[in-house]
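Since this is a predicted model, take the numbers as computed values, not measurements. Per chain, numbering begins at 1; letters A, B, ... match sequence-line order.
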2 protein chains.
Amino acid sequence: MTDSRRRSPVEVEIVPPAACSIDLRLEILGALPFFATLSPEAVAAANERFREQGFVAGETITYSGESAAFLYVVASGQVKLLHHTHAGKDVLLDVLTPGEFFGNLSAQENAVYTETAVAQTGVCVLAVATQAFRAILEQHPAAALAVLDLTNSRLQATQERVRQLSAYPVEQRIAATLLRLAEKLGEEQEMGLLIQTPLSREDLAQMTGTTPESTSRVMSQMQKEGLITSGRQWVAITDQPALAALAEDGLA
Amino acid sequence: MTDSRRRSPVEVEIVPPAACSIDLRLEILGALPFFATLSPEAVAAANERFREQGFVAGETITYSGESAAFLYVVASGQVKLLHHTHAGKDVLLDVLTPGEFFGNLSAQENAVYTETAVAQTGVCVLAVATQAFRAILEQHPAAALAVLDLTNSRLQATQERVRQLSAYPVEQRIAATLLRLAEKLGEEQEMGLLIQTPLSREDLAQMTGTTPESTSRVMSQMQKEGLITSGRQWVAITDQPALAALAEDGLA
DNA sequence: CGCTACGTTGATCGCACTCAAGTATAGTGG
DNA sequence: CCACTATACTTGAGTGCGATCAACGTAGCG
């Protein structure tokens with residue numbers, strides 16, 4: 001329709017499973033936020049307990065409800081976490097970037113995965129048995145506290161989302177969601193702050209608790225007002241302050 | 001209107017702040033889920049770092065946004081956690097019972113409380129400086145893992161709530177909320193499974209992301225169908241299986 | 001016994017969902 | 001390189017769930 005809808009500026013990472021391998025493992029593990037305090041030897045020891053796995057875009061890594069014995073750490077690429085509902089309406093919980101983890105963390109016996117994890121791009125993950133991971137944390141209390149902090153901040157983010165869903169209309173929720181994604185996946189470009197991941201209207205709808213149609217309407221309006229630029233599977237924020245004002249106060 | 005609306009069967013605990021004291025502290029701390037693995041000496045040592053505080057019903061314990069240096073453990077009574085929103089619509093996050101904690105857990109410097117905590121009944125809480133608590137966890141990795149598990153299961157509960165808000169209509173959300181509360185605060189009585197806490201239509205509305213009026217309509221309907229019995233500030237579940245079916249499948 | 005806050009019920013309105021038709025984009029194969 | 005197809009996106013019209021506004025009952029408390 002307009003010149004703003006050029007080709008998708010999102011670079012879809014092509015990470016062949018082969019590239020997901022041995023060389024980078026120590027580097028990745030050592031750089032993990034929760035292993036930052038470990039000595040090189042401890043990292044090397046922990047490394048023994050992890051094994052790498054590659055997935056191409058679209059592949060499912062864990063199915064919610066399945067028996068859960070592993071914890072996964074994203075090494076490269078992006079992973080989408082989602083819930084299925086009875087009504088067929090999926091809910092997208094989060095998009096994880098390298099260094100974040102998912103899977104089962106709890107010690108209880110018959111644990112199942114509480115969410116489905118899907119490779120959003122080609123990804124490499126490091127898997128570790130839950131028990132082994134807990135053993136590592138038990139030996140390295142600082143790491144345990146770091147994991148606790150991460151879980152705690154995820155809890156707060158999720159509570160913020162409950163607040164949004166409970167009290168704010170669709171427009172504000174979408175504005176807030178775009179800002180949150182930009183914070184995590186944003187990349188400065190001439191066109192604005194591009195959200196570096198393939199992101200459909202349906203994905204956004206599933207993140208904000210609405211429908212693709214409503215999402216489209218709201219985003220068309222935002223585009224008219226010069227807040228964003230978007231196309232098929234991509235969004236860029238062109239006026240971040242105004243979008244933030246919209247998210248908080250509902251002022252257009 | 002009907003005979004089902006007799007006097008409130010909820011016993012409002014009268015816990016005078018004076019009763020919130022020294023004798024019970026060791027007992028309470030030792031029984032905490034996350035201190036269960038500690039030796040008696042370790043519990044005694046930890047005890048030194050806590051101090052007790054009493055609040056009468058309605059008093060605010062922490063204000064969201066305030067500078068946060070403490071973590072609180074509920075010793076007796078109930079504490080309501082809530083968020084304020086710009087629009088004045090409050091969101092009720094949870095009702096805590098003895099053994100649960102709230103306040104600040106993170107180490108970051110300029111931390112603020114992310115939620116407001118209000119005494120729902122008379123309560124006694126044990127307060128500990130965040131730093132001191134973290135030091136205890138660092139010395140007792142098993143306790144750190146236990147706290148991690150608690151936080152993790154709260155995260156999962158909150159994610160479930162996001163799913164509910166995103167995908168289900170008001171009636172099902174209220175059904176699910178009542179069941180969740182009953183699981184935590186339920187008490188068998190002749191009239192049914194009574195939710196042992198003062199619980200207004202507005203409280204329920206704030207938990208389910210709706211209005212007191214809608215809550216009232218839905219609950220009237222449930223009462224007609226024999227699923228619940230309720231009155232001013234109290235609710236009892238009379239047909240749990242049917243209510244569960246309603247929550248999950250939307251079938252009345 | 002009257003006051004206050006909670007709860008119920010009714011009428012109306014509007015946001016967002018649904019259903020549906022049409023348009024643009026990106027990848028595919030000739 | 002270009003037609004072709006699949007999929008994403010847009011836009012419109014109609015509907016309905018739940019919010020809002022308002023009035024009236026009712027329980028509990030002083």
Side-chain angles (χ1 to χ4, degrees), chain A residues 1-12 14 57-58 85 87-90 164-175 197-206 208-224 228-236 250 252, chain B residues 1-12 14 57-58 85 87-91 164-175 197-206 208-224 228-235 250 252:
Chain A
M1 185 206 245
T2 81
D3 45 316
S4 67
R5 306 285 179 71
R6 42 196 152 233
R7 281 269 182 72
S8 170
V10 176
E11 302 161 21
V12 185
I14 309 290
T85 65
K89 278 191 183 182
D90 289 354
Q164 294 265 342
L165 286 166
S166 299
Y168 296 104
V170 169
E171 186 181 42
Q172 290 182 56
R173 302 206 303 263
I174 290 181
T197 196
L199 187 71
S200 69
R201 300 293 181 269
E202 178 155 25
D203 289 332
L204 271 170
Q206 289 176 353
T208 51
T210 183
T211 59
E213 292 94 330
S214 290
T215 306
S216 181
R217 277 181 244 275
V218 167
M219 288 177 67
S220 294
Q221 184 61 28
M222 287 176 175
Q223 180 136 321
K224 266 187 205 148
I228 64 172
T229 304
S230 78
R232 188 192 175 98
Q233 302 257 48
W234 63 271
V235 189
Chain B
M1 182 204 255
T2 83
D3 44 316
S4 67
R5 305 287 178 72
R6 42 198 150 231
R7 280 271 179 75
S8 170
V10 175
E11 302 161 22
V12 185
I14 309 290
T85 66
K89 278 193 184 181
D90 289 354
V91 177
Q164 293 267 343
L165 286 166
S166 299
Y168 296 103
V170 169
E171 185 180 44
Q172 291 182 56
R173 302 207 303 266
I174 290 181
T197 195
L199 189 70
S200 69
R201 300 293 180 268
E202 178 154 26
D203 289 332
L204 271 170
Q206 290 175 354
T208 50
T210 182
T211 59
E213 292 95 330
S214 289
T215 305
S216 181
R217 278 182 242 275
V218 168
M219 287 178 67
S220 295
Q221 183 60 27
M222 287 177 175
Q223 180 136 322
K224 265 186 205 148
I228 64 172
T229 304
S230 78
R232 188 191 175 96
Q233 303 258 46
W234 64 270
V235 189

Would you check, one step at a time, whether the test side chain to side chain contact (heavy atoms under 4.5 Å, CB included) holds for A/Q223 with A/S230?
CA-CA 8 Å; A/Q223 180 136 321; A/S230 78; 3.6 Å; yes
Can you check whether B/S216's main-chain N or O pairs, donor with acceptor, with B/S220's side chain at less than 3.5 Å?
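Between the backbone of B/S216 and the side chain of B/S220 there is a qualifying donor-acceptor contact (under 3.5 Å).
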Taking B/R173 for its side chain and B/Q164 for its backbone only, find out whether a donor-acceptor pair lies under 3.5 Å.
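No.
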Do B/R201 and C/dT8 share a donor-acceptor pair, side chain to base, under 3.5 Å?
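No, the side chain and the base share no sub-3.5 Å donor-acceptor pair.
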Dump every N/O contact between nucleotides 14-16 of chain D and the protein below 3.5 Å, one line per pair.
none

Grab the [atom1]-[atom2] distance between [X] and [N] for me, whole Å please.
X      : N      : atom1 : atom2 : answer
B/M219 : C/dC6  : CE    : P     : 15 Å
A/D203 : D/dC9  : CG    : P     : 8 Å
A/Y168 : C/dC15 : OH    : P     : 18 Å
A/L165 : C/dC15 : CG    : C1'   : 16 Å
B/R232 : D/dG25 : CZ    : C1'   : 11 Å
B/L204 : C/dT8  : CG    : P     : 11 Å
A/R173 : C/dA16 : CZ    : C1'   : 9 Å
B/Q221 : C/dG7  : CD    : P     : 19 Å

Whichever of A/T215 and B/L199 has its nearest DNA chain C nucleotide further upstream toward 5'
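Mapping each residue to its closest nucleotide by heavy atoms, the 5'-most match is B/L199.
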Would you indicate what A/S200 reaches in the nucleic acid, counting non-hydrogen atoms under 4.0 angstrom: base, sugar-phosphate, or nothing?
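Touches sugar-phosphate only.
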Mind checking if B/P169 touches a base, just sugar-phosphate, or nothing, with heavy atoms under 4.0 Å?
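If one applies the 4.0 Å heavy-atom cut-off, B/P169 turns out to touch the sugar-phosphate alone, with no base involved.
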From OG1 (A/T210) to CD (A/E171), nearest 0.5 Å:
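Spacing of OG1 (A/T210) from CD (A/E171) equals 12.0 Å.
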Rounded at 0.5 Å granularity, tell me how far CD in B/Q206 sits from NZ in B/K89.
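Here the rounded value is 10.5 Å.
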Identify the two heavy atoms, one from [X] and one from [Y], that lie closest to each other, and give their separation to 0.1 Å.
X      : Y      : result
A/T85  : B/Y168 : CB-OH, 3.5 Å
B/P212 : B/A205 : N-CB, 3.5 Å
A/T215 : A/I174 : CA-CD1, 3.7 Å

Look at B/S220 and C/dT9 and indicate whether a side-chain polar atom (N or O) is within less than 4.0 Å of OP1 or OP2.
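Result: yes.
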Let's see if you can work this out: which of D/dC9, C/dC17, D/dG18 has an atom nearest to the side-chain heavy atoms of A/T210?
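When the side chain of A/T210 is considered, C/dC17 is the closest of D/dC9, C/dC17, D/dG18.
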What nitrogen or oxygen pairs link the protein and nucleotides 20-24 of chain D at under 3.5 Å?
unit_1 : atom_1 : unit_2 : atom_2 : d
D/dT20 : O4     : B/R217 : NH2    : 2.9
D/dC21 : N4     : B/E213 : OE2    : 3.4

With a 4.5 Å heavy-atom cut-off, do A/L204 and A/L199 have their side chains touching?
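A side-chain contact under 4.5 Å exists here.
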